[in-house]
*Asks:* 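Next up is a structure, given as structure tokens.
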Amino acid sequence: MTETTRRSLALLGLGPMGGPMAGRLLAFDGDLTVWNRTSAKTEPLVALGVRAATSPADAASDVVLTVLPDLDQVESLLPGPDGLLAGWAARGIARPALVVHGTVSPIAVAAFAERLLRDHGVTVLDAPVSGGTVGAENGTLSIMVGGDRDAAQAVESVFQAMGTTVRYMGPSGSGALAKACNQIVVAATVTAVSEAMLLAGKGGLDLSVMLELLQGGLADSALLRQKGHRWISNDFDGGGSARNQLKDLGFILEAAAKEGLELPLSGAVRGLFDEMVAQGDGALDHTGIHRTLALKGGVA
């Protein structure tokens, strides 16, 4: 770290994204503390030299990064004797920074940031990431930052340890709004590719060749390069869940309504993911929307 950012650092939430992000941070700052509800997930990092906290209070640091599915989980880390607020108080950390890396509602996180600053002196930055587990492992994430500009600049080197594209987007909620825009493209892309592969398969085309053609032309994307194999193998287990994709689409339409916008494509895609989750496929990777479309078309 530089002198302006040499502060204690912790990461809470070691899921598919948080684990590799912690690994990148360890190379950046060997003094990293981590915490996870399932403590077994800390063991590989402890073997590399990370300190495992016994509670959020024990993990309280000048800068606390959270990689959790939604804002409710972040809020649950704060209260009680084992919570972050108690930990910050016990350590005499008067102006901590709390970073929300999960994909959350732009409206809700802005209100959350205002309340924490007013009531507890905690500066919240919403800094969602894009790039998937591959980006997290390689340190090539895209990180969209909202909140106080000075606070964002103070931890910019932390973000740069995990991402190659780090951009400050504006006041609280702006990072989350940028991620919502990103998710419009992601959700629409997995749906469009699924329709294309469904039509190609029904028409007797070789799906491997079809994928090669898509990747070689204007339709190419990082999503196709990372996940194209799923449409060939019909293996949709693991990955970024359809349930989370549906959650994100809800945030997109909420933000659009606030701005007086109608987003018909996002509305239609949300309806499809709603069907997918209702069918019991919510734990599948979002590319599994292919199964939902196949059922609607009478293919499966």
*Asks:* With no hydrogens and no angle check, is any side-chain donor or acceptor of Glu75 less than 3.5 Å from a backbone partner on Asp72?
*Replies:*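 Between the backbone of Asp72 and the side chain of Glu75 there is no qualifying donor-acceptor contact (under 3.5 Å).
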*Asks:* Less than 4.5 Å apart, any side-chain heavy atom of Met162 and any of His101?
*Replies:*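 They are in side-chain contact.
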*Asks:* Please examine the side chains of Met17 and Leu141, heavy atoms only from C-beta on, and report whether any two atoms are closer than 4.5 Å.
*Replies:*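 In short, these two side chains touch, coming nearer than 4.5 Å.
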*Asks:* Are Val67 and Val46 linked, directly or through intermediate hydrophobic residues, by side-chain heavy-atom contacts shorter than 4.5 Å (ILVMFWY only)?
*Replies:*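 Val46 does not cluster with Val67.
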*Asks:* Less than 4.5 Å apart, any side-chain heavy atom of Thr103 and any of Asn244?
*Replies:*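 Thr103 does not reach Asn244 side chain to side chain.
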*Asks:* Is it true that the side chains of Ser172 and Glu114 contain a donor and an acceptor less than 3.5 Å apart?
*Replies:*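 Judged by distance alone, the side chains do not pair up.
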*Asks:* Which value, rounded to the nearest 0.5 Å, describes the distance between Gln183 atom CD and His286 atom NE2?
*Replies:*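 The distance works out to 8.0 Å.
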*Asks:* Using modelled atom types only, decide if a donor and an acceptor are shared between the side chain of Thr66 and the backbone of Val99 within a distance under 3.5 Å.
*Replies:*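 Indeed, once roles are kept as given, a pair shorter than 3.5 Å links the two residues.
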*Asks:* Minimum heavy-atom separation for Ala176 and Val109, please, with both atom names.
*Replies:*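 Taking Ala176 first and Val109 second, the nearest heavy atoms are CB-CG1, 4.1 Å.
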*Asks:* Report yes if some heavy atom in the side chain of Leu125 is under 4.5 Å from a heavy atom in the side chain of Val155; otherwise report no.
*Replies:*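 In short, these two side chains touch, coming nearer than 4.5 Å.
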*Asks:* I need the minimum non-hydrogen distance between Asp281 and Ala242, along with the two atoms involved.
*Replies:*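 What the structure gives for the nearest pair is O-CB, 4.0 Å.
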*Asks:* Without swapping roles, check the side chain of Thr38 against the backbone of Ala40 for a donor-acceptor pair under 3.5 Å.
*Replies:*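 Absent.
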*Asks:* Any donor-acceptor pair under 3.5 Å linking the side chain of Arg167 with the backbone of Met144?
*Replies:*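 No, because the side chain of Arg167 does not come within donor-acceptor range (under 3.5 Å) of the backbone of Met144.
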*Asks:* Quick check on side chain to side chain donor-acceptor pair (under 3.5 Å): which of Asp29, Asp62, Thr33 does Ser8 satisfy it with?
*Replies:*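 It is Asp62, the one option of Asp29, Asp62, Thr33 that forms the side chain to side chain donor-acceptor pair (under 3.5 Å) with Ser8.
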*Asks:* So which atom in Ala152 and which in Val145 form the shortest heavy-atom distance, rounded to 0.1 Å?
*Replies:*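 Where Ala152 meets Val145 most closely, the heavy atoms are CB-CG1, 3.8 Å.
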*Asks:* Report the distance from atom CH2 of Trp231 to atom CG of Leu198, rounding to the nearest 0.5 Å.
*Replies:*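 Taking CH2 in Trp231 and CG in Leu198, the distance rounds to 12.5 Å.
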*Asks:* Can you find a pair of side-chain heavy atoms, one from Leu12 and one from Val64, that are under 4.5 Å apart?
*Replies:*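 In contact.
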*Asks:* Determine, step by step, whether Arg291 and Glu275 satisfy the salt bridge (charged side-chain N to carboxylate O under 4.0 Å, His left out) criterion, reporting the C-alpha distance in whole Å, the side-chain angles of both residues, the deciding distance to 0.1 Å, and the verdict.
*Replies:* CA-CA 11 Å; Arg291 283 172 43 132; Glu275 285 186 46; over 6 Å; no
*Asks:* Mind listing the closest non-hydrogen atom pair of Leu249 and Ala187 along with its distance?
*Replies:*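 Looking at all heavy atoms of both residues, the shortest contact is CD2-CB, 4.0 Å.
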*Asks:* Of the options Val134, Thr287, Thr133, which is the one that meets Gln226 in a side chain to side chain contact (heavy atoms under 4.5 Å, CB included)?
*Replies:*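 Of the listed options, the one satisfying the test is Val134.
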*Asks:* Look only at the side chain of Asp274 and the backbone of Met276, and say whether a donor-acceptor pair between them is shorter than 3.5 Å.
*Replies:*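 No, Asp274 side chain to Met276 backbone: no donor-acceptor pair under 3.5 Å.
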*Asks:* Would you please test Glu137 and Arg24 for salt bridge (charged side-chain N to carboxylate O under 4.0 Å, His left out) and show each step?
*Replies:* CA-CA 7 Å; Glu137 290 162 2; Arg24 300 299 304 189; over 6 Å; no
*Asks:* Mind checking the CG-OG spacing from Leu223 to Ser130? Nearest 0.5 Å is all I need.
*Replies:*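 Leu223 atom CG to Ser130 atom OG measures 9.5 Å (nearest 0.5 Å).
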*Asks:* Is it the case that more than 12 heavy atoms not belonging to Arg225 sit under 6.0 Å from its CZ atom?
*Replies:*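 Result for CZ/Arg225: enclosed.
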*Asks:* Ignoring hydrogens and geometry, is there a side-chain-to-backbone donor-acceptor pair from Trp88 to Ala94 under 3.5 Å?
*Replies:*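 Checked: no pair found.
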*Asks:* If you define the side chain from C-beta out and look only at heavy atoms, does anything of Arg270 sit under 4.5 Å from Leu246?
*Replies:*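 Yes, their side chains come closer than 4.5 Å.
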*Asks:* Hey, is the main chain of Asp235 close enough, under 3.5 Å, to the side chain of Ser233 for a donor-acceptor pair?
*Replies:*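 Pair found, side chain donor or acceptor close to backbone of Asp235.
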*Asks:* Mind checking the CZ-CG spacing from Phe112 to Leu78? Nearest 0.5 Å is all I need.
*Replies:*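 Those atoms lie 5.0 Å apart.
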*Asks:* Without hydrogens or angle criteria, can the side chains of Trp35 and Ser55 be said to hold a donor-acceptor pair below 3.5 Å?
*Replies:*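 Ser55 and Trp35 do not have a side-chain donor-acceptor pair below 3.5 Å.
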*Asks:* Could you walk me through whether Asp58 and Arg51 satisfy the salt bridge (charged side-chain N to carboxylate O under 4.0 Å, His left out) test, starting with their C-alpha distance in whole Å, then the side-chain angles of each, then the deciding distance to 0.1 Å, before giving a yes or no?
*Replies:* CA-CA 10 Å; Asp58 186 35; Arg51 185 181 84 86; 3.3 Å; yes
*Asks:* In terms of hydrophobic clustering (I, L, V, M, F, W, Y; side-chain heavy atoms under 4.5 Å; direct or indirect links), are Leu84 and Leu9 co-clustered?
*Replies:*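 Leu84 does not cluster with Leu9.
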*Asks:* With hydrophobic residues grouped by side-chain heavy-atom distances under 4.5 Å, do Leu265 and Leu263 end up in a single group?
*Replies:*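 Per the 4.5 Å side-chain linkage, Leu265 and Leu263 are co-clustered.
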*Asks:* For a quick test of reading the model, state the closest non-hydrogen atom pair linking Gly175 to Pro128 and the distance between them.
*Replies:*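 Minimum heavy-atom separation between Gly175 and Pro128: O-CG, 3.2 Å.
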*Asks:* So His290 and Asn234, do their side chains get closer than 4.5 Å, heavy atoms only?
*Replies:*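 The answer is yes, as the side chains (C-beta and beyond) meet within the 4.5 Å cut-off.
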*Asks:* Looking only at atom types and distance, does a side-chain atom of Asn36 sit under 3.5 Å from a main-chain N or O of Lys41, one as donor and one as acceptor?
*Replies:*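 Absent.
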*Asks:* Any donor and acceptor pair, going by atom type alone, linking the side chain of Ser174 with main-chain N or O of Pro171 inside 3.5 Å?
*Replies:*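 At least one qualifying donor-acceptor pair exists.
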*Asks:* Could you tell me whether the side chain of Asp285 and the main chain of Ser241 form a donor-acceptor pair under 3.5 Å?
*Replies:*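 No; judged by distance alone, with no hydrogens or angles, the pair does not exist.
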*Asks:* Hey, what do you get for CD1 (Ile232) to NZ (Lys227), rounding to the nearest 0.5 Å?
*Replies:*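 One gets 15.5 Å once the value is rounded to the nearest 0.5 Å.
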*Asks:* What are the two closest non-hydrogen atoms of Ser266 and Leu253, and how far apart are they?
*Replies:*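 Scanning both residues, the minimum pair turns out to be CB-CD2, 4.0 Å.
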*Asks:* Should we say atom CD of Glu254 is surrounded by more than 12 heavy atoms from elsewhere, each under 6.0 Å from it?
*Replies:*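 Yes, because the 6.0 Å sphere around CD of Glu254 holds more than 12 heavy atoms from other groups.
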*Asks:* Is the shortest heavy-atom distance from the side chain of Leu77 to the side chain of Arg37 under 4.5 Å?
*Replies:*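 Contact flag for Leu77/Arg37 side chains = yes.
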*Asks:* Find out if a path of hydrophobic residues (ILVMFWY) with successive side-chain heavy-atom gaps under 4.5 Å connects Val122 to Leu117.
*Replies:*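 Unlinked, Val122 and Leu117 end up in two clusters.
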*Asks:* Evaluate Val124 against Arg115 for side chain to side chain contact (heavy atoms under 4.5 Å, CB included), listing each step before the verdict.
*Replies:* CA-CA 10 Å; Val124 174; Arg115 176 166 56 84; over 6 Å; no
*Asks:* Can a donor-acceptor pair be found between the side chains of Asp148 and Thr123 at a distance below 3.5 Å?
*Replies:*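 Checked: Asp148/Thr123 side chains show no N/O donor-acceptor pair below 3.5 Å.
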*Asks:* Taking Val269 as the starting point, is it possible to reach Val186 by hopping between hydrophobic residues whose side chains are less than 4.5 Å apart?
*Replies:*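 Val186 and Val269: one cluster.
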*Asks:* Just checking Asp31: does its CG atom have more than 12 heavy atoms from other residues, nucleotides or ligands closer to it than 6.0 angstrom?
*Replies:*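 It does not: Asp31 CG has 12 such atoms or fewer within range.
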*Asks:* List the steps and the verdict of side chain to side chain contact (heavy atoms under 4.5 Å, CB included) for Val129 and Met21.
*Replies:* CA-CA 10 Å; Val129 302; Met21 287 167 69; 4.2 Å; yes
*Asks:* List the steps and the verdict of side chain to side chain contact (heavy atoms under 4.5 Å, CB included) for Leu45 and Leu14.
*Replies:* CA-CA 10 Å; Leu45 291 164; Leu14 299 175; 3.8 Å; yes
*Asks:* To the nearest 0.5 Å, what is the distance between CD (Gln245) and CG (Leu272)?
*Replies:*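 Output value for this atom pair is 11.5 Å.
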